[in-house]
Amino acid sequence: MSRMYENIKGFRDFYPEGMGARRSVIDTLERVARRYGFREVGTPALERTQLYIDKSGEEIVEELYSFTDQGGRELALTPELTPTVARMVVAKQQALTKPIKWFSTRPFWRYEEPQQGRFREFYQTNIDCFGSSDPAADAEILAFTADALTELGLTGEEFEFRVSHRDILGGLLETFDADVDVARAIRAVDKREKIERTAYYDLLVESGLTDAQARTFDELLSADDLSELTSFSDNERLTDAVTNLRAVLAATEDFGAREYCTISLDTARGLDYYTGTVFECFDSTGDVSRSVFGGGRYDELIEEYGGQPTPAVGVALGHSTLSLLLERAGVWPEESLTTDYYVLQVGETRGVAAEIVQSLRGLGHTVETDVSGRSFGAQMGYADSINAQTVIIVGEQDLESDQVTIKDMQSGEQTTAPLDSFPPEQGRPTYDDYA
RNA sequence: UCCGGGCUGGGGUAAUGGUUAUCCUUCAGGCUUGUGGAGCCUGAGACGCGGAUUCGAUUUCCGCGCCCGGACCCA
């Protein structure tokens with residue numbers, strides 16, 4: 001049979017084995033988020049297109065799945081969470097106690113060309129904190145992220161957070177010349193590691209720096225000692241940024257996350273969205289070339305959306321790059337089905353079998369039984385294919401002596417258990433309990 | 001939007017301008033209403049879509065779609 005309908009480019013199906021692995025990753029991320037007191041929010045798949053135009057400009061529309069609905073509204077599938085949660089904060093600002101700490105895991109959509117680790121429909125877990133400008137709030141986001149990754153099985157050997165501050169670049173550029181196109185220069189910095197050195201200087205010069213300034217600028221960015229910056233200039237924006245970054249790093253020390261953080265001044269994170277701390281997570285081994293995910297502080301967005309001035313900091317963990325990182329580190333969850341029990345029927349034993357099945361399910365176990373009228377051999381083959389740990393054979397022969405047979409599928413050994421005490425009131429009965 | 005490489009049963013593959021498209025695996029059933037991961041038997045299942053050239057196209061050419069990777073972009 002030929003395929004009637006092809007996939008939509010960049011959209012993926014997840015079958016049970018792979019979905020099980022994804023579910024386990026999501027559960028881990030969310031479990032850690034809950035420990036930090038982040039609360040889950042639910043958000044719509046559609047927003048008014050204007051929400052994104054206001055934040056990112058008219059050009060953004062071509063990156064969106066946007067359309068006019070039957071009521072004439074211009075809508076778009078959400079390409080990211082931040083505008084939505086910002087809108088939510090503005091809508092109920094007075095009612096919400098601060099800090100507002102939220103998380104959510106859900107799909108987003110962008111009309112882009114798929115590449116490694118990038119799809120048109122992709123999943124993110126977003127963590128945001130609104131209402132605190134204290135460095136501890138930034139540090140808590142970093143600490144959460146570090147805890148989540150280590151809980152997934154990664155170690156500090158496998159990832160690093162490159163941390164910077166937006167005003168370090170901005171302040172530094174201010175000291176050179178008022179005419180520098182800061183956004184353009186920052187975009188150049190973001191490419192620094194990807195392009196030729198001369199091309200990088202060219203980009204800096206295009207943004208308004210002289211050759212000599214470009215060289216000085218580059219040298220200062222390479223410094224891992226923040227005091228080199230403050231001794232170069234006493235520009236207030238710059239020195240404030242250095243002070244703030246130091247405070248954030250000191251707080252990560254307190255939360256036990258400092259060891260994962262590296263000062264990396266060429267971490268810029270795209271356009272002028274962020275206002276303070278910015279950070280990206282990278283694969284230390286270099287196998288995943290793009291950043292795994294990123295976050296930072298955006299203190300002005302709530303006000304821009306019509307709310308009271310409200311500082312904010314957050315991170316978005318993209319599941320597609322995260323799964324690349326986990327796979328290459330060898331800690332991606334196993335993609336196989338598991339089943340606690342298969343209850344095998346032989347002859348007309350469905351009544352008794354169903355009772356056992358429902359009792360085991362009542363104990364919280366995953367239990368399957370025959371729903372196809374299959375033969376003994378076929379049922380055994382099916383039990384094997386779903387990775388059943390234990391098979392309970394409910395056969396006419398067993399019932400004649402008021403017993404069931406319990407078979408351990410790993411070893412192949414089997415024994416019998418009395419029908420009137422199986423299954424017990426609690427626990428997870430196996431072959432070993434009756435051998 | 002642009003560039004490169006792909007596309008043959010569910011997965012992996014072979015061959016071919018002309019008869020019934022190869023093999024492995026998988027799936028379903030059976031040998032086997034009382035034993036799965038071994039074997040045997042039977043069955044199911046494919047040339048991505050459209051157009052052109054041709055007596056004839058899965059094969060050649062063009063367009064499109066999808067997949068993989070890259071550029072741009074990365075909120």
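Proteins get letters first, then strands, A, B, ... in listed order; numbering begins at 1 in each.
Using C1' as the reference atom, B:U8 and B:U22 are 11 Å apart when rounded to the nearest Å. Spacing between B:U53 and B:G69 at atom C1', rounded to whole Å, works out to 33 Å. To the nearest whole angstrom, the two P atoms, one in B:U58 and one in B:G5, are 24 Å apart. For the P atom pair drawn from B:G34 and B:U19, the interatomic distance equals 48 Å after rounding to whole Å. When the C1' atom is compared between B:A28 and B:G10, the two are found 13 Å apart, to the nearest whole Å. Remark: the separation of the C1' atoms in B:C67 and B:C49 is 15 Å, to the nearest Å. Nucleotides B:G37 and B:U26, compared at atom P, are 11 Å apart to the nearest Å. To the nearest whole angstrom, the two C1' atoms, one in B:U59 and one in B:C47, are 9 Å apart.
Spacing between atom CD of A:Glu348 and atom P of B:U33 amounts to 15 Å, rounded to whole angstrom units. One atom, CG of A:Asn7, and another, P of B:C68, lie 9 Å apart when rounded to the nearest Å. Separating the CZ atom of A:Phe119 from the P atom of B:C68 is a distance of 6 Å, rounded to the nearest angstrom. Between the CE atom of A:Met409 and the P atom of B:G36 there is a distance of 9 Å, rounded to whole Å. Across the protein-nucleic acid pair, A:Ile8 atom CD1 and B:G48 atom P stand 21 Å apart, rounded to whole Å. One atom, CG of A:Asn387, and another, C1' of B:G37, lie 11 Å apart when rounded to the nearest Å. Atom P of nucleotide B:G10 and atom CG of A:Asp13 are separated by 15 Å, given to the nearest angstrom. Remark: P of B:A75 and CG of A:Leu317 are 15 Å apart, rounded to the nearest angstrom.
More than 12 heavy atoms of other residues, nucleotides or ligands shown are found within 6.0 angstrom of OH on A:Tyr201. By the 6.0 Å contact criterion, CZ on A:Arg48 is open, its count of non-hydrogen atoms from other residues, nucleotides or ligands being 12 or less.
A salt bridge is absent between A:Arg374 and A:Asp370: the closest approach of a Lys/Arg side-chain nitrogen to an acidic carboxylate oxygen does not fall below 4.0 angstrom. Between A:Arg328 and A:Asp283 there is no salt bridge, since none of the side-chain N atoms of the basic residue sits less than 4.0 Å from a carboxylate O of the acidic one. Salt bridge A:Glu174/A:Arg237: present, at least one basic N to carboxylate O contact under 4.0 Å. Under 4.0 Å is where a charged nitrogen must lie from a carboxylate oxygen, and between A:Asp218 and A:Arg197 at least one such pair does. A:Asp27 has a carboxylate O that lies under 4.0 Å from a charged side-chain N of A:Arg23, or vice versa, which qualifies the two as a salt bridge. Taking 4.0 Å as the cut-off between side-chain N and carboxylate O, A:Glu112 and A:Arg118 count as a salt-bridged pair. With salt bridges taken as basic N to acidic carboxylate O contacts below 4.0 Å, none links A:Glu413 and A:Lys407. In this structure, A:Lys55 pairs ionically with A:Glu80, as a charged nitrogen and a carboxylate oxygen lie closer than 4.0 Å.
Between the side chain of A:Asp384 and the base of B:G37, no donor-acceptor pair under 3.5 Å is found. In the interface, the side chain of A:Glu6 is not paired with the base of B:G48 through any donor and acceptor atom under 3.5 Å apart. No hydrogens or angles were tested; on distance alone, nothing pairs the side chain of A:Arg110 with the base of B:C73 as donor and acceptor under 3.5 Å.
Between A:Gln115 and B:A71 there is a side-chain N or O to OP1 or OP2 distance below 4.0 Å. For A:Arg118 and B:C73, the shortest distance from a side-chain N or O to OP1 or OP2 is not below 4.0 Å.
A:Gly314 and A:Asp128 make their closest contact through CA-OD1, 3.4 Å (heavy atoms, listed as atom of the first residue, atom of the second, distance). Looking at every heavy atom in both residues, A:Arg162 comes nearest to A:Ser264 through CB-CB, 3.5 Å. Taking every heavy atom of both residues into account, A:Phe282 and A:Ser291 meet most closely at CZ-CB, 3.6 Å.
Residue contacts shown for A:Ser385 are absent, as no nucleic acid heavy atom lies under 4.0 Å away. Contact annotation for A:Glu62: no contact, since no heavy-atom pair falls under 4.0 Å across all strands. Counting non-hydrogen atoms under 4.0 angstrom, A:Gly373 reaches nothing in the nucleic acid. Nucleic acid contact for A:Gln379: none, since no nucleic acid atom lies under 4.0 Å from a heavy atom of the residue. Within the nucleic acid shown, A:Leu344 has no heavy atom closer than 4.0 Å to any nucleic acid atom. The residue A:Gly347 sits close to a base: some heavy atom pair falls under 4.0 Å. As judged by a 4.0 angstrom heavy-atom cut-off over every strand, A:Arg374 is placed among residues touching the sugar-phosphate backbone only. In this structure, A:Gln410 reaches the bases: a heavy-atom distance under 4.0 Å links it to at least one base atom across the strands shown. Using a 4.0 Å heavy-atom cutoff across all strands shown, A:Lys55 reaches sugar-phosphate atoms only and no base atom.
Here the side chain of A:Asp398 is nearest to one of B:U35, B:G34, B:C66, namely B:G34. If you check B:G70, B:C66, B:G34 against the side chain of A:Gln116, the one that comes closest is B:G70. Here the side chain of A:Val346 is nearest to one of B:A75, B:A71, B:U33, namely B:U33. Out of B:U1, B:C73, B:G36, the shortest distance to the side chain of A:Glu63 is found at B:C73.
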- Task: Dot-bracket for RNA chain B, please, read 5' to 3', with Watson-Crick or G-U wobble pairs under 3.5 Å on both distances, ( ) within the strand, [ ] crossing, | other strand, . unpaired.
- Result: (((((((..(((.....[....)))((((((.......))))))...(((((..]....))))))))))))....
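Toward the 5' end of RNA chain B, the nearer of the two residues A:Glu112 and A:Gly395, judged by each one's closest nucleotide, is A:Gly395. Nearest-nucleotide assignment on RNA chain B puts the 5′-proximal partner with A:Ser372, out of A:Phe376 and A:Ser372.
At a non-hydrogen distance threshold of 4.0 Å, nothing from residues 85-93 of chain A comes into contact with RNA chain B.
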